[in-house]
Protein chains: 2
Amino acid sequence: MGSGQLRGRSGGRPTLEEVAARAGVGRGTVSRVINGSPRVSEHTRAAVEEAVAELGYVPNTAARALAANRTDSIAVVVPEPESRFFSEPYFSDIIHGVGTALADTDMQLVLTFAGGDRERRSLAQYLAAHRVDGVLLVSVHADDPLPDLLQQLEIPAVISGRRSADEPLASVDSDNFAGARAAVNHLLGRGRRAIATITGRLDVYGAQRRLDGYRDALAEAGHRVDEALIAHGDFTEDGGRRAMTELLARRPGLDAVFAGSDVMAAGARQVLREAGRRIPDDVALVGFDDSAIARHMDPPLTSVRQPIAEMGRTMTDVLLAEIADTRPAPARRLTRRQIVLPTELVCRASS
Amino acid sequence: MGSGQLRGRSGGRPTLEEVAARAGVGRGTVSRVINGSPRVSEHTRAAVEEAVAELGYVPNTAARALAANRTDSIAVVVPEPESRFFSEPYFSDIIHGVGTALADTDMQLVLTFAGGDRERRSLAQYLAAHRVDGVLLVSVHADDPLPDLLQQLEIPAVISGRRSADEPLASVDSDNFAGARAAVNHLLGRGRRAIATITGRLDVYGAQRRLDGYRDALAEAGHRVDEALIAHGDFTEDGGRRAMTELLARRPGLDAVFAGSDVMAAGARQVLREAGRRIPDDVALVGFDDSAIARHMDPPLTSVRQPIAEMGRTMTDVLLAEIADTRPAPARRLTRRQIVLPTELVCRASS
DNA sequence: GGGTAGGGTGGGAGCGCTCCCATGTGTGAT
DNA sequence: ATCACACATGGGAGCGCTCCCACCCTACCC
């Protein structure tokens, strides 16, 4: 009786109500079973689960989101400046890690882009509408307004790579400092003495830390740091070429280069080769990221590996914990909010 | 009066109702303005827009999704078999293209993974719940049940790379056949005569088409196709190595290799080098994809470029059109459902 | 002048779910 | 036997929006 109005616009899919009718229980009880509440008798639970199976019931997420005021999804914000980000494996690896961590939950991953002005504006709208429960910020610049917006909106967020030493947001970073130190120590160990470096954009904290590590390793070994051996790139291949050209002009006698990324190392290699320097005989070369480029370069490039997929996974875990904290819960703050993952030097023929 | 109950659980954000009150109009009118309906007078529209601006109103998507039975988001399904997919630039480029196409709309992009069994099951649930308005299927194998599931659920879907010559689903593919022909013709033009090929997994239609193109070009040039010059890889570097080893054993006199992907070409190059063959002097090498690897290989690899980002963009456009078709609309089927985009040979030092 | 379109508008009736309070129903303590 | 309390359960009251029907008013026509 009265089943005429039960089938609504949802395309004929069964509703909670119908499951309840079939199982001979009330709506509330079905809801409890669906959400795994312990306050349901074993017997009733079985009956409901059977009805769910028979009807092929799948909860309507929109209705749930509306009633419970949560979305069960998180966003990954992709900065995408000049699509540089996409050309690097960084992106896919992070996403891969995030996907792995999310596989254990029923959270969904929404990809949002914050490239141009228009995209940033619509992203702000999107966040203001609270269309996601949390946000993963990848590769954010020091002066990006997004983190502040998120804090203001009280949306849980985790950032990859801190913006400064005292990052207020929860963050997951790799140990850029130690990685750079390892690279330089490795070069020193091979008897290199005039070790140059090509930095990334220094408004990226990680790039700064790699430079710090470079300096620290030299200082520790009792070397004076020659500022003319430091050139600034911007993470691009072309930037690597320009920086290498500068370095060669300033210090023709250099015998090693530590580049702040593999891509820049690739650019440097071209310039070195054109200048007739053999690698590693005349100049040893070390990169950072251990990307596919490093393995396929000629000669294969020694590089500092970052556990990027693991960073994605860890970021997600931290974010999920933050989201759980937001909701009424007994214990709080079980996760560290600042995590630094180790890097590792992968030695190949270029050094 | 009665404003006590107006602010609900939504975190204090203004609702349609409040905008209506402020603008001195009814709910329906605000809804019309928000959704750009033409049946609103200019004067009223202005008043509503002012109220929206003053209150900083942003529609609640969950409520809209529930009432209108649509989600304003599409899913990209990532097969992710042994994470091979992620190691290739294919993934990022497709996503990039999709993002570009979506930037003009207010649709969101949800990334879903269909790697393991468990993921596939939860994906099926996800789709059954109609949590997205449409689906982009990337790199699907011939026997994947997903496309059928989607048709059964009547969810609009577009596939990248057909599964067979008569793909029932809407699809966007690159011209693998012509690309392979161009590669082989190029090698023939350089005077190569014993041209081998390393195929990808032949249950991927594109791989089959590349092999077809190889055969066709040779036949057209009046060459008999020597089956011993055909070896099968699986798109991996290791597969490329194994296939190259086989080829060298069977036909030591070969003077060119057309590999079905850059990654396999990289594997082949290693084997060739270990066997003492110089590239391109002894053996010319051509790959497929024109990925970053191709540019950085030594020597730089000649490769067939696919417009991958454009494929992503086109797929999205087709999908959006399909979704629009689903909804009550005047004209139907304005877009072609089977699109093939041209490939292009990029010549470098390896041939 | 009355009749009739039709554009513009208000608001009721849901969409399918969660939250929470009220109502049983059984158990153990008194 | 009586009371209390915990546990299990049903269902009302929303969540904020869209859809759609009814209504009003202003032309415009005969």
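A note on names: the letters A, B, ... follow the listed sequences, proteins ahead of strands, and every chain is numbered from 1. What's counted below: heavy atoms across the whole structure, side chains too, no hydrogens, waters or symmetry copies.
Ion pairing between A:Arg70 and A:Asp133 fails under the 4.0 Å rule for side-chain N and carboxylate O. Between B:Glu167 and B:Arg337, no side-chain nitrogen of the basic residue sits less than 4.0 Å from a carboxylate oxygen of the acidic one, so the salt-bridge criterion is not met. Ion pair A:Glu50/A:Arg22 not flagged as a salt bridge, since none of the NZ, NE, NH1 or NH2 atoms sits closer than 4.0 Å to an Asp/Glu carboxylate oxygen.
When the P atom of D:dG16 is taken as reference, atom CG of B:Leu16 falls 10 Å away, rounded to whole Å. For the pair B:Glu17 CD and C:dG10 C1', the computed distance is 11 Å after rounding to whole Å. In this structure, A:Asp72 atom CG and C:dT18 atom C1' are separated by 13 Å, rounded to whole Å. If you measure from atom CZ of B:Arg39 to atom P of D:dC21, you get 14 Å, rounded to the nearest angstrom. Atom pair A:His43:NE2 and C:dG26:P shows a separation of 14 Å (rounding to whole Å applied). If you take CZ of A:Arg13 and C1' of C:dC17, they are 13 Å apart, rounded to a whole angstrom. Between the CG atom of A:Asn60 and the P atom of C:dG14 there is a distance of 17 Å, rounded to whole Å. The CG-P distance, from A:Asn69 to C:dT18, rounds to 13 Å in whole Å.
Between B:Asn35 and D:dT18 there is a side-chain polar atom (N or O) within less than 4.0 angstrom of OP1 or OP2. Between A:Ser31 and the phosphate of C:dT18, there is a side-chain N or O to OP1/OP2 separation shorter than 4.0 Å. For C:dG10, one of the phosphate oxygens OP1 or OP2 lies less than 4.0 angstrom from a side-chain nitrogen or oxygen of B:Thr29. The phosphate of D:dC17 (OP1 or OP2) has no side-chain N or O of B:Thr61 nearer than 4.0 angstrom. In this model, the phosphate group of D:dA8 is not approached by any side-chain N or O of A:Thr44 to a distance below 4.0 Å at OP1 or OP2.
Between the side chain of B:Arg27 and the base of C:dG12, a donor-acceptor pair under 3.5 Å is found.
Remark: B:Thr29 OG1 to B:Arg27 CZ distance equals 10.0 Å, nearest 0.5 Å.
Contacts of B:Arg64 with the nucleic acid, taken as non-hydrogen atoms under 4.0 Å apart, involve only primed sugar atoms and P, OP1 or OP2.
Between B:Ala63 and B:Arg32, it is B:Ala63 whose nearest contact on DNA chain D lies nearer the 5' terminus.
The side chain of A:Ser41 approaches D:dA8 more closely than any other nucleotide in the set C:dG16, D:dA8, D:dG16. The side chain of A:Ala68 lies closest to C:dT18 when the candidates are D:dT18, C:dT18, C:dC17. Minimum atom distance to the side chain of B:Val25 is reached by C:dG10, of the listed C:dG10, C:dG14, D:dA8.
No donor-acceptor contact under 3.5 angstrom links the side chains of A:Thr100 and A:Arg313, judged on distance only.
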